[in-house]
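A note on names: the letters A, B, ... follow the listed sequences, proteins ahead of strands, and every chain is numbered from 1. The basis for the numbers below is simple: all heavy atoms, side chains too, and nothing from hydrogens, waters or symmetry mates.
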Amino acid sequence: MSVLLDRPAALVRSVHRARRRRVRRTVAALTVAVLAMFLVDVLLGTYTVTMPDFLRILGGTEIPGASFIVMENKLPRAVVGLLAGAAFGVSGAVCQTLLRNPLASPDVIGVTSGASAAAVLGIVVLGVRGQGVSWLALAGGLLVALTLHVMARGGGASCHRLVLVGIGCAALLQAVTSYLLTRSDIRTASEVMVWLNGSLNDSTWERAAHLLLATGLLLPVAAHLAHGLRGLELGDDAAAGLGVPVARVRLGLLLLAVALAAVATAATGPVAFVAFLSGPIARRLLGGAVSLPAAGLVGALVVLAAELVAANLVPGAVLPVGVVTGALGAPFLLWLLVTGSRVGRGG
Amino acid sequence: MSGHHTLGARDLTLGYGAAPIVEELSLTVPRGKVTTIVGANACGKSTLLRGLARLLRPAAGQVLLDGRSIHDLPTRQVARVMGLLPQSPVAPDGLTVVDLVGRGRSPHQGWFRQWSAADETAVATALEATGTLDLAHRTVDELSGGQRQRVWIAMALAQETDVLLLDEPTTFLDVAHQVDVLDLLADLNQRRGTTVVAVLHDLNLAARYSDHMVALLAGRVVAAGPPRAVVTEATVGDVFGMRCTVIDDPVAGTPLVIPLGRKQAGPAASRAVAAGARA
C-alpha cells in the first residue's frame with residue numbers, strides 16, 4: 001500500500017479493485033455452491049439418479065420411475081426451494097439494511113407470520129384454494145408491514161420500537177394461525193401444516209412457475225433500488241445529501257421486501273429464519289457493504305442445504321424444511337442477542 | 001468550481017410538528033465564503049441547516065438555490081451542486097475508507113456511467129486534501145473519532161460540489177482536532193472557492209474561521225454579518241443569555257468571548273468588564 005502513497009489515484013484504484021474482486025469472487029463461489037447444492041438435492045437421496053440419466057430425462061427421454069420422481073417431485077421442489085430462498089434472502093437483507101437492525105428481518109417482525117395467518121384464514125374459513133391463497137398471503141404480509149409503518153411513525157420512527165412491535169405482531173399472528181388450525185378438520189389441518197413450518201413438500205410446477213414469475217418481476221426492481229439502499233446505509237440525511245430521494249426509495253424498498261417475503265411465503269410457507277440469516281452471512285462473507293445478489297444466493301443455498309438435511313435426516317420421512325432452518329436460525333438469533341453491543345448495524 | 005452557485009432562504013418556516021422551530025427566516029449565504037450559524041442549544045440552527053439542505057420540507061417560504069426553489073429541482077441535480085455532512089452519519093461495519101469516500105461520487109454516476117477514472121481522481125484528491133490517504137484501505141469502524149470525521153468530510157469533498165453544508169462538524173472532537181477540521185474547511189474555501197456553511201457550537205472558533213456569521217435565537221436571525229459585527233457583548237448576551245466580555249483574539253485578531261459566570265462575578269470580573277468597555 002505505502003508504495004502507492006505518492007500516486008493517490010493508483011492507490012484508490014487498487015483498493016477499489018481489490019474490493020470488487022472480493023465481491024465478484026464471493027458471488028461466483030456462491031453461485032457455484034448453489035448450483036452444486038441444487039444438483040445434489042435433485043440427484044441424491046433415497047432414490048438416486050445419475051447425472052447422465054438426469055440429462056437424458058431433461059432431454060425428454062422417459063426412464064421408468066426416475067422420470068416421474070425427477071420431473072414431478074425433485075425438480076420442482078429444488079426450483080421452488082432455490083427461488084423462495086433467494087426471495088427470502090434478498091427480502092431479509094433489504095429490511096435489515098433499511099431498518100439498520102439485524103433483527104428487523106421479515107420473519108422476525110411478523111411479515112411472514114401475517115402472510116401465513118392470512119393464507120390459513122383463507123383455507124380454513126373462506127375455503128380458498130390455489131392461486132387465491134398466494135394473493136391472500138401477499139395481502140397479509142402487506143397489511144402487517146403497513147401496520148408497523150403506521151405504528152413506528154407515531155413513535156418518531158424509532159427502529160428498535162418497530163422491531164419490538166413487529167415481534168409482538170408475529171407472536172399474535174402465530175397464535176391466530178394456531179387457533180385456526182385447531183378449528184379445522186383433520187384434512188384441512190394437514191393442508192395447513194405447511195403454513196406453520198414452511199415446507200417444499202407440496203411443490204408443483206405450477207407453484208414454481210408462479211414463483212418464477214413473481215421473483216422475475218421483483219428482483220430487477222431490487223437491483224434498481226440497490227443503489228438507493230447503499231445510500232441509505234449511511235443514514236437518511238447522508239443519503240439525501242447524496243441525492244437519493246429518501247422517502248420514495250424507503251417506501252419502494254419496504255414494499256419490495258414485503259412482496260418478496262410474501263410471495264416466497266405463499267409458495268413454501270414461512271421457512272424459518274432464512275430471511276434473517278442470509279443478510280448477516282452474506283455480509284460476513286463479503287466484509288462490508290450490503291450485497292443483494294450475495295444475500296439472495298446465501299438464502300437459496302440455506303434452503304437447498306436445509307432441504308437436503310430435511311429429506312435425509314430421518315429415514316423414511318421428509319421433514320418440513322423450516323424445521324431444519326429453524327434449528328439453524330434459533331442459535332444464531334440467540335448469539336445476536338447475547339453479543340447485543342453490535343446490534344444496530346443492520347445485516 | 002469557484003462559487004457560481006447561490007444559496008439562500010426566503011420567509012422560511014420549518015418545523016417537525018405543529019410548532020415551528022424556524023420562523024419566517026430570510027438569509028443570503030455569501031458566495032465563496034465561510035458562513036457559520038451559531039446560537040444556543042435548541043435555537044433551530046441544525047433545523048435551519050437541514051432546511052437549507054432540503055432534508056426538511058418548509059411549512060412556508062422557500063430555500064433558493066440559484067434563485068429557484070430547491071424542492072422544485074431534481075434531488076440528484078442538487079447533489080451535484082451542494083454536499084452535506086450530517087450530524088451523526090453511520091458507516092456500516094467493514095466498509096473501507098475508499099468505499100465510503102467513493103459513495104460521494106454517486107450523484108455523478110448512473111446506470112450507464114459507472115465507476116470511472118474521474119471518480120478515482122476525485123476520491124484520491126479528497127483523501128489527500130483531508131490527509132487520510134494513508135487510511136485508504138482501512139475500514140471506517142476501526143478509525144478514531146478525528147480520523148472518521150476527516151473521512152466523512154472527504155466523502156463530501158469527493159462529491160465535488162460548489163456548496164458544502166456541515167452540521168456541527170467538530171462535535172465530539174478534542175480541541176486540536178476541532179482546529180484541524182476548521183483549517184481543512186478554510187483551505188477548501190480558499191483553494192477551490194467552495195461556499196461553506198457550518199453549524200458550530202464554539203463561538204470563538206466560529207469567529208476565527210468565518211467570513212460571515214448568523215446568530216439565531218428561537219428560530220429567528222438576531223444578527224448576521226462579519227464576526228466583529230455579530231460577536232458583541234450585547235448579541236452574545238441576547239443569544240446565550242450569558243454575560244461576557246469580548247476582547248481581541250491575541251492570535252487571529254478576531255473577537256474572543258470571555259464568559260462571565262457567577263463564580264467570577266467579583267471585583268476582577270467587574271474590572272475586566274470596565275476594561276472591555278474602555279477598549
Looking only at heavy atoms, which two atoms of [X] and [Y] are closest? And how far apart?
| X | Y | result |
| --- | --- | --- |
| B:Pro92 | A:Glu233 | CG-OE2, 3.3 Å |
| B:Pro86 | A:Ala238 | CG-N, 3.6 Å |
| A:Arg230 | B:Arg103 | O-NH1, 2.7 Å |
| A:Asp237 | B:Leu84 | O-CD2, 3.5 Å |

With a 4.5 angstrom heavy-atom cut-off, which part of [X] approaches chain A: side chain, backbone, both or neither?
| X | result |
| --- | --- |
| B:Ser106 | both |
| B:Met82 | backbone |
| B:Ala136 | both |
| B:Arg50 | side chain |

Got a sec, which residues hit side-chain hydrogen bond (donor to acceptor under 3.5 Å, both in side chains) with B:Gln77, two or more places apart in sequence or on another chain?
none

Tell me every residue that passes side-chain hydrogen bond (donor to acceptor under 3.5 Å, both in side chains) with B:Thr47, counting only those two or more places apart in sequence or in another chain.
none

Do A:Leu11 and B:Leu133 come close enough that some side-chain heavy atom pair is under 4.5 Å?
yes

Heavy-atom side-chain contact between A:Leu234 and B:Leu100 under 4.5 Å:
yes

Check: A:Ala240 main-chain N/O paired with B:Arg54 side-chain donor or acceptor under 3.5 Å:
yes

Between B:Arg76 (side chain only) and A:Val244 (backbone N and O only), is there a donor and an acceptor less than 3.5 Å apart?
no

B:Val98 and side-chain contact (heavy atoms from CB on, under 4.5 Å): which partner among A:Arg17, A:His16, A:Arg13?
A:His16

Identify which of B:Pro107, B:Gly104, B:Ala156 forms the greatest number of heavy-atom pairs closer than 4.5 Å to chain A.
B:Pro107

Which one, B:Leu85, B:Asp99, B:Val78, B:Thr96, leads in non-hydrogen pairs under 4.5 Å with chain A?
B:Asp99

What is the distance from atom NE2 of A:His227 to atom CD of B:Gln109, rounded to the nearest 0.5 Å?
6.5 Å

At a heavy-atom distance under 4.5 Å, which candidate from A:Val246, A:Asp236, A:Leu242 has the highest pair count against chain B?
A:Leu242

At a 4.5 Å cut-off on heavy atoms, which part of A:Arg20 comes close to chain B: side chain, backbone, both, or neither?
side chain

